[in-house]
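Bear in mind the structure is a predicted one, so any value in this text is a computation, not a measurement.
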Amino acid sequence: EEGVQDKYCLKENFEEDEECVKEFLNADIGLKKMQTGQVIKNLRGMPPRPAADRAPRVRAFLGGAGLNVEAERNSIVASLRPVKPEVCVSDVSGNSFGVFNETLDEIKTERILHVMCHGIGSRTGNRTLEFRDKGNAVVEPKTLAEAMERYCLNTKASSDLRVIGCVVLNACNGAQVARELSEKYKCQCVIYWDSEVDDEAAKCFCEGFYRCCSARLKTTEDWDKHELLDEFVNAFNSAKSGLDGRRWSIVCGPMDTDELQHQRQLTNDPGLQAAGRLKILTKALDPRQTRARSGSSSAGGG
């Protein structure tokens, strides 16, 4: 009926509109007895759903042998409601740092950089993320941080082309990469695990974090705000509280790089709690410094 179309029947938002109508129909027990006019009247009284935000807001790099990449992707996408911002997912199962580095250049309007992969030891003994250069060597934390920081917001200047307000390292032992980003490059918000982490715990955090983000960032205008630190900290605290009291198979403390020792440490210890090793680093934005985003880092590419 004319007048309802603008709220519920736009073709480009059909998925959202169909879901909205189904929710209404399923909730109304006496619907079958209603006349069409009464149904339309009730639909008119329902609040319109927020328009979908088609600008990319999350850039996710997902990969790693044995990790449930699809579950992680679904957790992010399903939790970002009701505005349903675009989530750009890049498969990094090949662990190529060159591909990771090049794909970072596609970031335009994303506010969250999400990385899911394995944590691993480098040749120098540093704990880093499993990205490899063209010689198949594991990339050092410093190099990874240099690649990501080019897109991380760290000034209050509106002319700053950097857009990432939060980096989520949903991987084992991400502390060294996180500290490089926060302490050296003053990235505003970095979330990481300072331990081994069970897949289910990582997924649980992911769902809680993005669900809380969507509850506070309900419109395109909300996502476009220059500074979102309060929203990200609130989402972190909410997701972390959801892990408290639950036990997972994680490992705390330094990791031995020997593979046999590493496997021994992965055995389940019911006394360890994931929430105790999930951490956040935050920095205030610099009110004076203004930096334009530089080009791709050449370090380790290939």
Side-chain angles (χ1 to χ4, degrees), residues 60-64 66-67 72 75 112-122 124-131 138-149 152 164-210 212 229 232-258 261-283:
F61 292 89
L62 311 179
L67 297 180
E72 184 101 350
S75 294
I112 301 173
L113 174 57
H114 182 106
V115 182
M116 172 216 189
C117 62
H118 287 296
I120 194 171
S122 71
T124 59
N126 291 317
R127 297 304 299 177
T128 185
L129 305 182
E130 191 178 14
F131 287 98
V138 176
V139 177
E140 294 289 338
K142 176 183 176 182
T143 305
L144 279 173
E146 285 175 350
M148 289 187 274
E149 71 87 18
C152 294
I164 296 296
C166 179
V167 177
V168 177
L169 304 177
N170 209 19
C172 296
N173 298 295
Q176 287 185 265
V177 177
R179 291 182 187 125
E180 284 279 341
L181 284 169
S182 180
E183 295 171 9
K184 183 175 181 179
Y185 296 110
K186 313 300 180 187
C187 295
Q188 191 178 25
C189 181
V190 186
I191 296 170
Y192 67 99
W193 296 90
D194 190 22
S195 65
E196 293 283 329
V197 56
D198 180 83
D199 282 353
E200 191 60 28
K203 178 175 175 287
C204 183
F205 163 73
C206 185
E207 290 173 347
F209 178 77
Y210 288 104
C212 188
L229 180 60
F232 294 140
V233 171
N234 183 279
F236 168 82
N237 289 331
S238 176
K240 187 175 184 294
S241 67
L243 296 175
D244 287 338
R246 301 178 66 178
R247 299 183 185 277
W248 315 90
S249 54
I250 66 169
V251 173
C252 300
M255 297 294 296
D256 191 321
T257 54
D258 179 80
Q261 178 69 3
H262 180 70
Q263 291 299 322
R264 185 189 67 78
Q265 289 175 312
L266 290 177
T267 57
N268 183 47
D269 182 347
L272 297 174
Q273 294 190 18
R277 307 297 288 179
L278 179 63
K279 298 185 179 181
I280 185 171
L281 297 174
T282 61
K283 296 284 184 182

Q.
Determine whether Phe209 and Cys166 satisfy the following criterion, side-chain contact (heavy atoms from CB on, under 4.5 Å), listing intermediate values before the conclusion.
A. CA-CA 12 Å; Phe209 178 77; Cys166 179; 4.0 Å; yes

(Q) Quick one, His114 with Cys206, criterion side-chain contact (heavy atoms from CB on, under 4.5 Å). Give me CA distance, side-chain angles, the key distance, then yes/no. (A) CA-CA 10 Å; His114 182 106; Cys206 185; 4.0 Å; yes

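The side-chain contact (heavy atoms from CB on, under 4.5 Å) with Val167 is formed by just one residue from the set Val177, Leu181, Ile112; it is Leu181.
Proximity of a side-chain donor or acceptor of Glu180 to a complementary backbone N or O of Lys142 within less than 3.5 Å is not detected. At least one donor-acceptor pair closer than 3.5 Å links the side chain of Thr128 to the backbone N or O of Val139. Looking at Asn170, its side chain never comes within 3.5 Å of a backbone N or O of Val115 through a donor-acceptor pair. Judged purely by atom type and a 3.5 angstrom limit, Ser241 uses its side chain to pair as donor or acceptor with the backbone of Ser238.
The number of heavy-atom neighbours closer than 6.0 Å to NZ of Lys283, taken from other residues, nucleotides and ligands shown, is above 12.
We find the CD-NZ distance between Gln188 and Lys186 to be 13.5 Å, quoted to the nearest 0.5 Å.
Residues meeting the side-chain hydrogen bond (donor to acceptor under 3.5 Å, both in side chains) test with Glu140, sequence neighbours left out: Ser122, Thr124, Asn126. Here Phe236 pairs with nothing under the ring-ring contact (aromatic ring centres under 6.0 Å, His included) rule; sequence neighbours left out.
Side-chain contact check for Asn173 and Trp193: no donor-acceptor pair (N or O, by modelled atom type) lies under 3.5 Å.
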